[in-house]
Novice: 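Below are the structure tokens for one structure; questions will follow.
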Amino acid sequence: MTAVDPWAEPVTPVRRSWMGWLFLANLGLWLGIYAPIQVLLPQQAELLAGTSKEAVFGLVTGVGAAVALVANPLIGLSSDRTTSRFGRRHPWTLGGALVGALGLVVLASASSVGAVVVGWCLVQAGLNGMLAALTSAVPDRVPVRQRAKVGGLVGTSQMLGTVLGAVLVTVVVSGLVAGYLACAVVVVAGAVLFVVLTPDARIAVRPRLRWRELWVSPRRHPDFAWAWCAHFMINLGNAFGTLYLLYFLGDVVRHPSPEDGLLVLMLLYGLALTLGAFAVGVWSDRSGRRRAWVYGSAFVMALAALLLAVWPTWTAALVAAPLLGVGFGGYWAVALALLTQVLPTAADRAKDLGVVNIANSLPQVVAPLLTTFVLASLGGYRGLFAVSATATLLAAVLVTRVRAVS
């Protein structure tokens with residue numbers, strides 16, 4: 001436990017070891033979400049539904065994302081008001097990991113669409129609770145001048161979770177059961193290490209709860225609202241471009257092994273993302289500028305999507321994957337810094353970041369619903385990638401309205 005004032009703006013730089021444990025906890029969290037989304041759930045949907053695989057996959061991910069929409073801000077709110085002797089964030093980090101792991105175990109034994117929905121809802125509820133606690137650690141602990149660097153680490157952990165998750169469930173282990181159980185172990189291990197090896201501030205008095213403050217008023221906090229909208233559009237564009245990538249490789253590109261092709265693309269994507277996140281994070285912290293890097297990142301991401309819209313081939317995918325990685329890595333490096341700089345109040349950091357995280361989860365609800373229409377009415381996967389580019393560019397327009405951050 002630590003005597004740090006939980007409401008004060010942090011001024012002492014965090015150590016590399018703290019960054020490392022935060023990185024590993026986030027890595028386990030995102031691996032637990034994206035290995036199922038990218039590989040295991042599509043495979044399971046195809047086994048259970050055959051030619052209706054897209055509809056079943058959309059149903060499962062859509063319902064799970066709806067659970068995430070509720071879980072993230074509510075658990076964040078609870079975290080802000082937790083007076084446990086173990087701290088206010090750590091109990092939710094570990095508890096969320098355990099619930100998420102339970103959901104992965106349920107998925108490993110699921111033999112019906114209903115069981116898959118239940119398991120995925122548990123995963124989303126638990127891991128979004130863990131996400132709310134881990135994300136709030138950044139404004140709790142990290143000074144503004146370090147936040148883009150730490151944001152780059154967090155963004156890198158998300159994408160490396162995607163890459164390493166694909167490696168874990170296609171190369172290291174095989175089969176749905178082994179894949180889900182391996183993900184569960186990684187999730188819990190990351191959470192335990194962070195909880196045991198890092199401090200967590202304790203509050204003695206629970207802040208008063210005002211129900212009208214569950215949401216953030218756009219009128220009272222316009223910078224937060226515009227930043228949230230931009231974050232939502234970036235994630236919506238990314239969801240359009242990546243959720244159905246496995247099916248794109250199999251049905252459009254006609255890759256002889258879509259799973260192996262996806263792994264190659266994710267490796268290129270992850271390497272480029274890591275380089276982009278670290279480079280932009282360092283440059284943004286040194287300059288103190290955030291918005292310009294968002295503009296550049298959104299443009300590069302849109303370029304990657306447009307490339308696939310114009311030229312939907314395996315060669316184009318090999319070029320688009322690192323472009324998307326550089327763009328998304330650069331965006332995440334500055335996004336967390338920008339968003340934490342426009343939070344309304346220190347006392348509600350986790351709740352407000354839970355609202356921010358809705359912008360991560362809501363696209364998982366919206367994208368599957370809209371994708372069915374786009375594929376049927378707007379030119380198939382060409383139209384889908386064009387819509388992805390449009391959403392990403394709109395994010396750059398929206399972030400121009402954020403006035404409090406340069």
Side-chain angles (χ1 to χ4, degrees), residues 29-72 96 99-108 110-131 158-159 161-162 165-166 169 176 179-180 183-184 187 232-251 258-259 262 266 357-376 381 384-385 387-388 391:
L29 183 156
W30 292 116
L31 184 149
I33 291 177
Y34 280 111
I37 285 179
Q38 293 282 3
V39 180
L40 299 177
L41 284 175
Q43 290 177 343
Q44 202 164 22
E46 188 168 15
L47 286 173
L48 294 173
T51 57
S52 300
K53 59 189 179 183
E54 291 93 347
V56 170
F57 179 61
L59 171 67
V60 172
T61 55
V63 174
V67 170
L69 295 181
V70 177
N72 210 304
V99 172
L102 174 62
L104 291 165
V105 172
V106 171
L107 286 168
S111 57
S112 67
V113 173
V116 173
V117 171
V118 170
W120 188 240
C121 286
L122 284 172
V123 172
Q124 287 284 35
L127 297 190
N128 272 274
M130 181 180 174
L131 177 62
Q158 181 174 354
M159 293 308 106
T162 306
V169 301
L176 291 174
Y180 280 126
C183 290
V187 166
F232 170 80
M233 293 309 301
I234 282 281
N235 282 286
L236 181 62
N238 188 63
F240 279 133
T242 60
L243 270 180
Y244 290 82
L245 191 56
L246 184 65
Y247 298 152
F248 168 73
L249 292 176
D251 299 339
E259 289 83 4
L262 179 64
M266 289 299 100
N357 286 328
I358 289 176
N360 298 332
S361 303
L362 187 57
Q364 308 300 322
V365 178
V366 175
L369 298 176
L370 294 181
T371 295
T372 302
F373 168 78
V374 172
L375 292 176
Y381 281 95
L384 185 64
F385 290 122
V387 170
S388 172

Novice: Quick one: pull up CZ in Phe57 and CH2 in Trp120 and give me the separation to the nearest 0.5 Å.
Specialist: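 These two atoms lie 8.5 Å from each other.
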Novice: Considering all heavy atoms of both residues, which atom of Val169 and which atom of Cys183 are nearest to each other, and what is their separation?
Specialist: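 So the two residues come closest at CG1-SG, 4.1 Å.
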Novice: Taking C-beta and beyond as the side chain, do Val187 and Leu29 meet within less than 4.5 Å on heavy atoms?
Specialist: no
Novice: Provide the closest heavy-atom pair for Pro42 versus Leu246 in the form atom of the first, atom of the second, distance.
Specialist: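 The pair with the smallest heavy-atom distance is CB-CD2, 3.9 Å.
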Novice: Which distance, rounded to the nearest 0.5 Å, do you find between the CG of Leu47 and the OG of Ser111?
Specialist: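 Taking CG in Leu47 and OG in Ser111, the distance rounds to 12.0 Å.
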Novice: Which residues pass the side chain to side chain donor-acceptor pair (under 3.5 Å) test with Gln44, not counting sequence neighbours?
Specialist: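 Expected list: Tyr180.
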Novice: Under 3.5 Å, side-chain donor or acceptor atoms of residues 30-41 against the rest of the protein: list the pairs with distances, not counting sequence neighbours.
Specialist:
{"residue": "Tyr34", "atom": "OH", "partner": "Gln158", "partner atom": "NE2", "Å": "3.3"}

Novice: Is there a side-chain contact (heavy atoms from CB on, under 4.5 Å) between Val56 and Leu48? Walk through the geometry before answering.
Specialist: CA-CA 9 Å; Val56 170; Leu48 294 173; 5.5 Å; no
Novice: Applying salt bridge (charged side-chain N to carboxylate O under 4.0 Å, His left out), can you list everything that pairs with Glu46, at least two apart in sequence or on another chain?
Specialist: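 Expected list: Lys53.
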Novice: Output a table of donor-acceptor pairs, distance under 3.5 Å, between side-chain atoms of residues 123-130 and any protein atom two or more places apart or on a different chain; print 'none' if there are none.
Specialist:
{"residue": "Gln124", "atom": "OE1", "partner": "Asn128", "partner atom": "ND2", "Å": "3.0"}
{"residue": "Asn128", "atom": "OD1", "partner": "Asn72", "partner atom": "ND2", "Å": "2.9"}
{"residue": "Asn128", "atom": "OD1", "partner": "Ser361", "partner atom": "OG", "Å": "3.4"}
{"residue": "Asn128", "atom": "ND2", "partner": "Gln124", "partner atom": "O", "Å": "2.9"}

Novice: Are Tyr381 and Tyr247 an aromatic pair by the rule of ring centers under 6.0 Å?
Specialist: no
Novice: Just jot down the side chain to side chain contact (heavy atoms under 4.5 Å, CB included) partners of Val374, sequence neighbours excluded, or say none.
Specialist: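 Testing Val374 for side chain to side chain contact (heavy atoms under 4.5 Å, CB included), a comparison that skips the adjacent residues, returns Leu378, Leu384, Val387.
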Novice: So among Asp251, Leu249, Leu245, which one has a side-chain contact (heavy atoms from CB on, under 4.5 Å) with Pro258?
Specialist: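 Among the candidates, only Leu249 passes.
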Novice: May I ask you to test the Leu370-Phe240 pair for a side-chain heavy-atom distance under 4.5 Å?
Specialist: yes
Novice: Could I get the full list of side chain to side chain contact (heavy atoms under 4.5 Å, CB included) partners for Ala184, not counting sequence neighbours?
Specialist: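 Testing Ala184 for side chain to side chain contact (heavy atoms under 4.5 Å, CB included), a comparison that skips the adjacent residues, returns Ala101, Leu104.
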